[in-house]
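Below is one structure, written out as structure tokens; the observations come after it.
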Amino acid sequence: WVFSIAHNRAVDAHRRWGRDRSVPSDDVVDARVVDAPPDPVDPELVEALAALSADQREVVLLRFVADLPLDAVARVTGRTTGAVKALQHRALENLRRAVSQDDA
């Protein structure tokens with residue numbers, strides 16, 4: 001879910017960057033000068049992740065960045081699978097609220 005949001009925002013930013021570029025038609029453009037692509041990391045998503053508790057952030061990163069299953073995250077963090085599910089649920093709800101507030 002987090003990766004879907006990040007991917008969609010990166011695609012939108014890339015498209016917006018492509019539309020907004022303007023090349024002066026009368027000037028000679030140096031072929032060596034190229035606009036840098038936008039940063040692929042969404043700063044709003046990074047800010048939302050930073051607002052999570054350390055435990056919630058750890059679970060989200062292990063589940064969605066490292067792509068670990070629940071039982072592996074439970075072993076790594078020393079928690080039960082139920083505790084990992086609860087942390088993940090609360091973290092995703094907090095992220096959803098943070099992202100939806102930014103869109104409003």
Side-chain angles (χ1 to χ4, degrees):
W1 182 77
V2 173
F3 281 125
S4 297
I5 291 171
H7 177 265
N8 290 339
R9 288 193 176 206
V11 168
D12 291 344
H14 183 72
R15 287 180 183 153
R16 193 170 30 256
W17 174 74
R19 279 193 314 264
D20 293 343
R21 284 187 300 164
S22 61
V23 178
S25 59
D26 296 344
D27 297 337
V28 175
V29 177
D30 188 328
R32 294 172 294 167
V33 177
V34 177
D35 290 335
D39 189 3
V41 178
D42 183 4
E44 292 176 31
L45 182 58
V46 171
E47 185 178 320
L49 285 168
L52 296 176
S53 72
D55 292 338
Q56 290 174 348
R57 190 172 36 257
E58 178 184 35
V59 167
V60 167
L61 294 177
L62 289 172
R63 286 283 291 139
F64 300 107
V65 176
D67 199 26
L68 295 178
L70 284 169
D71 59 334
V73 174
R75 280 194 309 273
V76 168
T77 61
R79 293 183 172 85
T80 64
T81 303
V84 170
K85 285 181 182 180
L87 282 168
Q88 176 182 314
H89 175 76
R90 284 188 225 113
L92 293 178
E93 183 62 26
N94 290 339
L95 287 173
R96 185 191 62 76
R97 272 188 292 219
V99 171
S100 66
Q101 285 177 356
D102 292 340
D103 291 339

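Since the model is a prediction, treat every value here as computed from it, not as a measurement. All residue numbers in this chain count up from 1 along the given sequence.
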Side-chain heavy atoms of Glu44 within contact of Glu47, under 4.5 Å: no

Taking all heavy atoms of Val60 and all of Leu52, pick out the closest pair and write down the distance. CG2-CD1, 4.3 Å

Where Arg63 and Leu68 come nearest, the two heavy atoms and their spacing: NH1-O, 2.8 Å

Partners meeting side chain to side chain contact (heavy atoms under 4.5 Å, CB included) with Ala86 (sequence neighbours left out): Arg90

Testing Leu92, Leu70, Leu87 for side-chain contact (heavy atoms from CB on, under 4.5 Å) with Val59, which one passes? Leu87

Is the closest side-chain heavy-atom distance between Thr81 and Lys85 below 4.5 Å? yes

Which pairs with one or both residues in residues 48-57 pass salt bridge (charged side-chain N to carboxylate O under 4.0 Å, His left out), sequence neighbours excluded? Asp55-Arg79

